[in-house]
Amino acid sequence: MQKYLIKDLAKYEGQDVTLMGWASNKRESKGLVFIVLRDGTGWCQCVVSLETVGENLFEEARKVSLESSLTISGKIIKDERQMGGFELQATSVTLIGESIEYPIANKEHGVDFLMDKRHLWLRTQRQWAIMRIRNQIIFAIHKFFQEEGFVQMDAPLFTGNACEGTSNLFETDFYGDTAYLSQSGQLYGEAMAFSLGKIYTFGPTFRAEKSKTRRHLSEFWMIEPEMAFYDIFDNMNLIENFLRYVTTEVLQNCEKELVIIGRDTSILKNISKPFPRLSYDEAVKIIKGEQDVNGKNAITSLEEELKMVQARMQAIKEEILQREEKLKVPGMKKGEIGFNQAQIDKLKQELADCEEQERNIPQWLNSARNFEYGNDFGGSDETVITRLFDVPIMVYNWPHAVKAFYLKRDPADSRFARGVDVLAPEGYGEIVGGGERETDEKLLIEKIKEHELPMEAFEWYLDLRRYGTVPHAGFGLGLERLVTWLCKLPHVRESIPFPRMYGRLLP
RNA sequence: UCCUUCUUAGCUCAGCUGGUUAGAGCACAUGACUGUUAAUCAUGGGGUCCUUGGUUCGAGUCCAAGAGAGGGAGCCA
C-alpha cells in the first residue's frame, strides 16, 4: 500500500508521489498551509496552496491538527531550506484519522508528563533518532558476534535459583513453585559455551532493585557472551574489540540521528584508541586522588567542577533576571514575549539541574576521599574516575570478597578475583561486567556456602566442573546503558521504548 | 530502607514578609495575514492552588501528617 517513503524523496524529484503519515507540525497563513509530514522514515514539509487545490481541499488541509494521520499527493520539489532538501507541493490531501488536542506540544515538558505519555513521546524526532540508534547498536552487536563465529543461544527467563541472592529478584508463581525472573543468564551461558564453544545470549533481564537513579531499570536487555578457552586477558581484548566495533558502526550509519540528538561525536571517535586497563589497586589510588591521570586529579577536578557548576548557576540567574527585565519594558511584540518566556523556562530547568549537582558533588567528593580499600565501587566512584578519561576504561582484579561467587581467584594473588568492569567515559560508569570463571569445584562449593546459597540449586552448575572443565570467561553488557552513553542521554529511561522501573508500570 | 528537592490552567512556570474577583506564555477555539521552519496580530473558553487536619479575623502562601514525582546513597548492567 505504501509506495513512497520520505527517506527516498531524492529519487522522486519532479515526480508526483503520494505520502502517508502524520502531521508533526502545521503553520498556516491566508491561502497557504504548511504541513510537516512524518512517515517513520523522515520528515517532509508539504505545501498546500488554495490556488492549486481549490476551496474544498484547502479547507480539509486547514482542519489538519497535530498528529492527525493523512495522505498527501503532489510533486516533489528541491528546496535547500528544508530538512532533507525537498518539499512536496500538494495536489490533494486526505485525512485518515483525526487527532484532537494532541497533548505533546512543541515545547519543553516535564519528565513525569512525558513518561505518562511515552506512547506518544516516541513520535518526536529526538526519540525517533534514539530508537534508530538503539536499533543500529542491536544490529551491530549481532553482526560482530556472528562474524566472530559466536552462536546466539538464549538462557531461560524463569529460573529456580538465585544467582547472587534473592533480595533483588522478582518472584512469580510457576505451577505452584516459586520461580524467579532471570537477573542473568550467565550460568546457563557457561553450560552452552561448553557445548558450542563461543556463544552469546541476548535477552531481557529483571532486577527488583528499588533504585531511583538515572542508570537503573527494572527490566533491561543484556548481552552475555561466554567463551570456552578464554582467560581474563582474552576476555578484555574481546570486550575492547566489541565496543569499538559497535561504536564505529553507529558513527558510520547514524550520522543523521547523532546530529538530531546533538551528540558531540568527538569523544566517540576516540574509541579507536586503546582502552586503559587499570588494576583495582591503581583505580583506588586514582579515586582517592593519590595518583593523577593525564595531569588530572580526581579530587581537585571534581572540586573545580563544583565551582564551575556554581559559576554557571550565577550566570543563569543573571540571564533570567535580564530577560525578566526585558519583558517588563512595554511595547515588546507578542511573539518575542513568548520566545523570552520559553527561554526563561529552559534556563530554570537547567538551574534546577545545577542545584541538583551542587547538592550531589560534595557527597561524591566525600565518598571518594574516604574510599575504603577493599570495597566495591559505588556509582559516584565510577563517575569520579570516568570523568578523567575520554575512552572506556577497564578495571580488573577485584577483591574477591565483593564480587560474585563464580569469578576465578587470581592464581598470582588469592586476595583478588579475575573480574573486569568496563566504565564508560563522561561520567557514565559501568556498562560491562565480566570476568574469568572459577574452574575449581572445591573453591566454588566454598563460595556458595559463604554466600549462603542453596547448594542443591547449583548441582547442575557444578557438573560443568566435574565433566571436562576448561578455562572460560565471559561478560554482560547492559544494552540500555550502552545506548545511554553513545547518545549521551541524561537518563536510561529514554534508551528503551517503554521503560519499566521502580514506580513505573504504565504505559 | 535512608537522605534531599518538588507538587498552582491541558503543558511550562510566576504569585515578595499571610490581605479584595489567582496571573503569563504555549496549546486549543474564532477571525485577520501569499512561504512559514518553537518569534505575525486580535478576541475567547479554561483553576477543589496534590489530599486531610491545624494556627489565624483571613491560608496558594505558615505548621503537621499522608499521597505522588525528580535526584542521590545502598545494590547493580
Side-chain angles (χ1 to χ4, degrees), chain A residues 25-36 43 45 47-51 65-66 79 81-83 87 100-117 164-165 167-168 183-184 186 205 207-217 220-224 320 324 327 332-349 352-353 355-364 366-367 375-380 382-383 402 404 421-424 428-434 475-482 484-485 490-493 503-504:
Chain A
N25 207 355
K26 190 188 80 170
R27 293 171 284 273
E28 62 182 297
S29 58
K30 185 172 186 177
L32 282 173
V33 176
F34 300 93
I35 295 167
V36 177
W43 281 257
Q45 173 165 282
V47 188
V48 187
S49 143
L50 175 61
E51 230 173 282
S65 56
L66 236 51
D79 187 329
R81 291 170 300 182
Q82 304 309 325
M83 177 190 155
E87 74 172 18
I100 296 160
E101 305 219 4
Y102 188 68
I104 298 183
N106 209 353
K107 63 169 299 212
E108 298 285 322
H109 288 285
V111 249
D112 190 29
F113 176 76
L114 287 172
M115 286 300 292
D116 282 339
K117 301 275 180 284
E164 296 163 54
S167 60
N168 50 18
Q183 61 172 354
S184 166
Q186 194 228 301
T205 301
R207 303 226 175 139
E209 296 158 347
K210 287 186 179 171
S211 301
K212 292 181 90 166
T213 79
R214 57 185 70 224
R215 50 180 198 286
H216 283 87
L217 290 169
F220 63 96
W221 289 71
M222 190 148 73
I223 292 89
E224 295 182 285
I320 290 176
E324 277 172 350
L327 285 175
M332 186 185 271
K333 273 192 185 168
K334 218 182 155 204
E336 207 177 337
I337 293 173
F339 179 71
N340 272 297
Q341 207 101 35
Q343 289 299 312
I344 290 172
D345 285 358
K346 217 180 215 174
L347 288 167
K348 278 186 180 156
Q349 285 208 358
D353 287 347
E355 280 169 354
E356 203 86 65
Q357 282 196 56
E358 199 197 15
R359 279 191 294 270
N360 288 333
I361 291 176
Q363 288 179 33
W364 296 351
N366 210 30
S367 101
N375 285 351
D376 204 349
F377 291 176
S380 71
E382 291 175 0
T383 307
V402 299
D421 280 0
V422 179
L423 310 178
Y428 277 92
E430 188 170 0
I431 50 172
V432 168
F475 64 91
L477 166 86
L479 175 66
E480 285 74 20
R481 286 197 179 169
L482 181 61
T484 303
W485 169 54
H491 196 295
V492 261
R493 69 183 145 223
R504 173 64 63 181

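Numbers restart at 1 for each chain; the letters A, B, ... are given by sequence-line order, proteins then strands. Heavy-atom basis, side chains included; hydrogens, waters and symmetry copies ignored.
Here Asp376(A) lies in heavy-atom contact (under 4.0 Å) with sugar-phosphate atoms only. At a threshold of 4.0 angstrom between heavy atoms, the contacts of Leu217(A) include nucleobase atoms, whether or not backbone atoms are also involved. At a threshold of 4.0 angstrom between heavy atoms, the contacts of Asp79(A) include nucleobase atoms, whether or not backbone atoms are also involved.
Side chain of Lys346(A), nearest nucleotide from rG35(B), rC13(B), rA38(B): rA38(B). In the set rA77(B), rU36(B), rA14(B), rA14(B) carries the atom at the smallest distance from any side-chain atom of Lys348(A). Considering only the side chain of Val47(A), rG35(B) comes nearest among rA14(B), rG10(B), rG35(B). Of the candidates rU34(B), rC76(B), rU37(B), the closest approach to any side-chain atom of Leu32(A) belongs to rU34(B). Side chain of Asn168(A), nearest nucleotide from rU34(B), rA77(B), rC75(B): rC75(B). Proximity note for Phe34(A) (side chain, C-beta onward) versus rC75(B), rA77(B), rU36(B): the nearest is rU36(B).
The partner of rU30(B), taking Watson-Crick or G-U wobble pairs whose two distances both stay under 3.5 Å, is rA42(B). The partner of rA65(B) is rU51(B), by the rule that a Watson-Crick or G-U pair needs both atom distances under 3.5 Å. With both pairing distances under 3.5 Å, rU1(B) is matched to rA73(B) as a Watson-Crick or G-U wobble pair. Pair assignment for rU21(B): none, as no Watson-Crick or G-U wobble contacts are both less than 3.5 Å.
With C1' as the reference atom, rG71(B) and rC33(B) are 47 Å apart, rounded to whole Å. The gap from the C1' atom of rC49(B) to that of rC6(B) amounts to 15 Å, rounded to the nearest Å. With both ends at atom P, the span from rU51(B) to rU61(B) equals 10 Å, rounded to whole Å. With both ends at atom C1', the span from rU21(B) to rC28(B) equals 25 Å, rounded to whole Å. The same atom, P, is picked in rA14(B) and in rC2(B); the two are 30 Å apart, to the nearest Å. With C1' as the reference atom, rG31(B) and rG45(B) are 15 Å apart, rounded to whole Å. Comparing rG68(B) with rU56(B), their P atoms are spaced 32 Å from each other, to the whole Å. Atom C1' of rU40(B) sits at a distance of 16 Å from the matching atom of rG25(B), rounded to the whole Å.
In this model, a side-chain donor or acceptor of His216(A) finds a partner on the base of rC76(B) within 3.5 Å. A donor and an acceptor atom sit less than 3.5 Å apart, one in the side chain of Glu87(A) and one in the base of rG35(B). Evaluation of atom-type donor-acceptor distances gives no pair under 3.5 Å for the side chain of Ser49(A) against the base of rG35(B).
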Below 3.5 Å between N/O atoms, which protein atoms pair up with nucleotides 27-30 of chain B? Just atom names and distances, please.
{"unit_1": "rC28(B)", "atom_1": "O2'", "unit_2": "Glu101(A)", "atom_2": "OE2", "d": "3.2"}

Review point. Could you go step by step and tell me if Asp116(A) and Arg504(A) meet the side chain to side chain contact (heavy atoms under 4.5 Å, CB included) rule?
Key: CA-CA 9 Å; Asp116(A) 282 339; Arg504(A) 173 64 63 181; 2.8 Å; yes
Exercise for review: I would like to know whether Ile104(A) and Leu66(A) meet side chain to side chain contact (heavy atoms under 4.5 Å, CB included); could you show each step before the answer?
Suggested key: CA-CA 9 Å; Ile104(A) 298 183; Leu66(A) 236 51; over 6 Å; no
Review point. Given the rule in the side chain to side chain contact (heavy atoms under 4.5 Å, CB included) test, do Phe220(A) and Arg207(A) qualify, once you have shown the distances and angles that lead to the verdict?
Key: CA-CA 8 Å; Phe220(A) 63 96; Arg207(A) 303 226 175 139; 3.8 Å; yes
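Formation of a donor-acceptor pair under 3.5 Å by the Arg481(A) side chain with backbone atoms of Arg215(A) is found in this model. Under a 3.5 Å cut-off, the side chain of Glu480(A) and the backbone N or O of Trp221(A) do form a donor-acceptor pair. Looking only at distances, no side-chain donor or acceptor of Ser211(A) sits under 3.5 Å from a matching main-chain atom of Thr213(A).
Between Arg493(A) and Val111(A), some side-chain heavy-atom pair lies under the 4.5 Å cut-off.
Among all heavy-atom pairs drawn from Val48(A) and Ile35(A), the shortest one is CG2-CD1, 4.3 Å. Pairing each heavy atom of Gly434(A) with each of Asp421(A), the nearest pair is N-OD1, 4.4 Å. Shown here for Gln45(A) and Arg27(A), the closest heavy-atom pair between the two residues is OE1-NH2, 3.1 Å.
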Point to revise | Sugar-phosphate or base contact per nucleotide [nucleotides 65-72 of chain B; S, B, -; heavy atom under 4.0 Å] | key: ----SBSB
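Between Gln186(A) and rA77(B), a side-chain N or O to OP1/OP2 separation shorter than 4.0 Å is absent.
Between Trp485(A) atom CH2 and Leu423(A) atom CG the span is 11.5 Å, to the nearest 0.5 Å.
Mapping Leu477(A) and Gly378(A) onto RNA chain B via the closest heavy atom, the residue that lands nearer the 5' end is Gly378(A).
Per the stacking criterion (ring centres < 5.5 Å, plane angle < 30°), Phe220(A) stacks onto the base of rA77(B).
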